[in-house]
Amino acid sequence: MMNQFVQNYVDGFMADLVAKNPGEKEFHQAVKEVLDSVAPYIVEHPYLMDQKILERIVEPERVIIFRVPWLDDEGEIHINRGFRVQMNSAIGPYKGGLRFHPSVNLSIMKFLAFEQTFKNSLTTLPMGAAKGGSDFNPKGKSDNEVMRFCQSFMTELQRHVGQDTDVPAGDIGVGSREIGFLFGQYKRLRNEFTGVLTGKGLNWGGSPLRPEATGYGTCYFASAMLATRGDSFKGKTVAISGSGNVAQYAAQKALQLGAKVVTLSDSNGFVYDPDGIDEEKLAYVFELKNIYRGRIREYAEKYPGAQYFENRRPWGIKCDIALPCATQNEINAQEAQTLVDNGCICVAEGANMPSEPEAIEIFQKAKLLYSPGKASNAGGVATSGLEMTQNSIRLKWTEEEVDAQLHRIMTDIHEACVKYGTEPDGYVNYVKGANIASFIKIADAMMAQGLV
Ligand code: NDP
């Protein structure tokens, strides 16, 4: 429970933030979650209040919004909106993904850039935070249309990024194909082959394990949480949402760790396979989604033992472990309660902010092992950091070396959460732990660098 002074501080801060950033509901939600955790710490350290550290952190260092014109295959003109929110460079060059999805707007970009600030701080690597993207929808577009869009997008973005300035990567709708087109255009315009983007192909500057890193890291983090209760993935039933990059590799690692994965989804619905999505069926999903760019419903057509549920999310399926790996706000309070009632013991977020605030409250009240995305999905950006290091030294590490580093980083993040998040009754509040650990590091760096 917060004392009255802290509560007044939180309420006043949020009122100012909402007034200054009207309509940005995802951004408000992300700030409120951090504020609830760090406000008691700030109140105990009044110099942080005097220095207005939090007021500075919520104000992006720079927001770039630009026109992205492109021609489709029929010669018709389309105009999309491009974004790059450069949030915080206190601990390194800006770093964070690009999202291509029709829902993209300034609020979503700012929430993601804000989350990225704390996530990147947790990785222990020297990375500041940014996020960007466009309301462009790659779904149903030809490869040539996607290429023309990426080239137009980078024609403007190249003015604002660079290996020592800002290093974008992938996110929803931006995978290896898009990173390739973006990198090609940057190289052409600037006449330089540098590590300006991460998630590159293995033969042209990419790191082993970068595609796998977010999903694998989420499972490593969940394993560390389970270990605090002497438990593991072995023999557990796992529900996963999404069927993109993060979901695919979370499923693969969960299988390797001895679990049974029973669901995957996309924005149209989910599949439930009571027999389990084994290695062979998962290989089909990789092909379906990454090569043919098909829909998850086709899984149930191929494997008749599975059922497809249109316009539904997988949280009604009984599971021990839930890994939300699709998008923000994809678990509401009712779904959270269903997970708890069905005996779920662990929720590790692969996506960014997939649980609504009321859902988080339910998980924490039930003393579930629950980790926020900024902690459990940090393996993706951490491995991007390792890709930047390899680019700088012009060397490529082996898969084993990168995996060992990813594993260590996820374990370190887990330890930081335990250090700052353990409640008097022994329950680990991973939200509080992640927010305080990362906040202290960013605040210290900002204070050391003066009022900039
Ligand atoms: P992908 O584009 O590869 O996959 C996204 C998946 O989520 C798809 O199955 C997509 O379905 C589904 N999805 C997207 N939007 C919605 C929606 N509004 N409702 C329901 N389902 C939706 O993206 P990633 O796997 O890379 O990203 C997934 C999540 O993980 C995001 O929250 C992202 O921010 C986060 N993340 C990603 C990292 C990375 O390294 N890629 C790093 C850290 C976090 P459909 O095909 O129908 O759109």
Side-chain angles (χ1 to χ4, degrees), residues 23-26 62-86 96-113 130-161 166 168-191 196-201 204 242-245 265-269 286-298 301 310-311 326-328 352:
E24 297 180 2
K25 62 183 172 39
E26 292 86 0
R62 194 173 296 107
V63 176
I64 301 139
I65 300 181
F66 51 98
R67 180 203 297 160
V68 190
W70 59 280
L71 282 174
D72 69 18
D73 289 345
E74 272 68 53
E76 193 183 327
I77 290 173
H78 295 268
I79 310 295
N80 283 100
R81 186 170 289 171
F83 296 89
R84 189 69 179 164
V85 176
Q86 295 179 333
L98 296 171
R99 175 176 292 192
F100 291 168
H101 192 273
S103 64
V104 162
N105 58 32
L106 185 59
S107 172
I108 290 179
M109 292 288 98
K110 282 172 71 178
F111 120 64
L112 288 164
K131 200 83 187 191
S134 174
D135 57 359
F136 172 73
N137 186 0
K139 234 176 276 171
K141 304 289 188 301
S142 70
D143 286 350
N144 280 334
E145 288 173 329
V146 171
M147 180 175 75
R148 284 196 291 275
F149 175 81
C150 288
Q151 290 178 340
S152 181
F153 184 86
M154 184 51 91
T155 301
E156 175 58 33
L157 189 70
Q158 56 90 21
R159 297 176 216 281
H160 313 287
V161 297
D166 184 353
D171 191 78
I172 291 177
V174 179
S176 53
R177 174 182 62 169
E178 289 75 16
I179 293 291
F181 294 149
L182 291 162
F183 183 79
Q185 183 71 350
Y186 181 88
K187 183 168 62 86
R188 183 183 192 194
L189 291 169
R190 301 285 284 255
N191 194 24
V196 63
L197 291 156
T198 56
K200 300 185 289 299
W204 42 280
S243 50
N245 171 269
S265 73
D266 60 25
S267 50
N268 296 107
F286 273 71
E287 201 177 83
L288 172 72
K289 299 305 283 192
N290 306 345
I291 297 174
Y292 299 109
R293 300 185 186 272
R295 308 305 299 161
I296 202 64
R297 117 178 80 73
E298 294 168 54
E301 290 158 17
E310 181 84 17
N311 289 328
T327 192
Q328 66 273 3
N352 285 312

Where the side chain of [X] meets the backbone of [Y], is there a donor-acceptor pair that is under 3.5 Å apart?
| X | Y | answer |
| --- | --- | --- |
| T198 | A169 | no |
| S265 | G242 | yes |
| R84 | I64 | no |
| D135 | R81 | yes |

Full working for side-chain contact (heavy atoms from CB on, under 4.5 Å) between N191 and K187
CA-CA 5 Å; N191 194 24; K187 183 168 62 86; over 6 Å; no
Tell me whether K131 is salt-bridged to D171, with the criterion being a basic N under 4.0 Å from an acidic carboxylate O.
yes
At what distance, to the nearest 0.5 angstrom, does [atom1] of [X] lie from [atom2] of [Y]?
| X | Y | atom1 | atom2 | answer |
| --- | --- | --- | --- | --- |
| Q328 | S103 | CD | OG | 6.0 Å |
| N352 | F111 | CG | CZ | 5.5 Å |
| M109 | R99 | CE | CZ | 6.0 Å |
| F181 | L197 | CZ | CG | 13.5 Å |
| F183 | C150 | CZ | SG | 14.0 Å |
| N290 | S176 | CG | OG | 7.5 Å |

Look at the rings of F136 and W70 and say which category their plane angle falls in: under 30° parallel, 30 to 60° tilted, over 60° perpendicular.
perpendicular
Side-chain heavy-atom pair [X], [Y] within 4.5 angstrom cut-off:
| X | Y | answer |
| --- | --- | --- |
| H78 | D72 | yes |
| S152 | Q185 | no |
| R190 | R159 | no |

The test is side-chain contact (heavy atoms from CB on, under 4.5 Å); show your working for I108 and F83 and say whether it passes.
CA-CA 10 Å; I108 290 179; F83 296 89; over 6 Å; no
Is atom CD1 of I79 surrounded by more than 12 heavy atoms (other residues, nucleotides or ligands) closer than 6.0 Å?
yes
Do you know the tightest heavy-atom contact between [X] and [Y]?
| X | Y | value |
| --- | --- | --- |
| V68 | G82 | CG2-N, 3.7 Å |
| L106 | I65 | CD1-CD1, 4.4 Å |
| I179 | G199 | CG2-O, 3.6 Å |
| P138 | G173 | CG-O, 3.7 Å |
| N80 | F149 | CB-CE1, 3.8 Å |
| L98 | V174 | O-CG2, 3.2 Å |

Quick one: do D166 and R62 satisfy salt bridge (Lys or Arg N to Asp or Glu O under 4.0 Å)? Show the steps, please.
CA-CA 12 Å; D166 184 353; R62 194 173 296 107; over 6 Å; no
With side-chain hydrogen bond (donor to acceptor under 3.5 Å, both in side chains) as the criterion, how do S142 and D73 come out once you've worked through the C-alpha distance, each side chain's angles and the decisive distance to 0.1 Å?
CA-CA 8 Å; S142 70; D73 289 345; 2.7 Å; yes
Using the side-chain hydrogen bond (donor to acceptor under 3.5 Å, both in side chains) rule, take E310 and N268 through it: C-alpha gap first, then chi angles, then the decisive distance, then the call.
CA-CA 6 Å; E310 181 84 17; N268 296 107; 4.7 Å; no
Given the rule in the side-chain contact (heavy atoms from CB on, under 4.5 Å) test, do M154 and L182 qualify, once you have shown the distances and angles that lead to the verdict?
CA-CA 6 Å; M154 184 51 91; L182 291 162; 4.0 Å; yes
Would a line drawn from the ring center of F153 to the ring center of F100 be shorter than 6.0 Å?
yes
If you apply the rule salt bridge (Lys or Arg N to Asp or Glu O under 4.0 Å), what do you find for K289 with D266, and how did you get there?
CA-CA 10 Å; K289 299 305 283 192; D266 60 25; 3.3 Å; yes
CA sep, side-chain torsions, deciding dist, call: N137, H101, side-chain hydrogen bond (donor to acceptor under 3.5 Å, both in side chains):
CA-CA 5 Å; N137 186 0; H101 192 273; over 6 Å; no
Given side-chain contact (heavy atoms from CB on, under 4.5 Å), test R293 with R177 step by step and report yes or no.
CA-CA 12 Å; R293 300 185 186 272; R177 174 182 62 169; 3.4 Å; yes
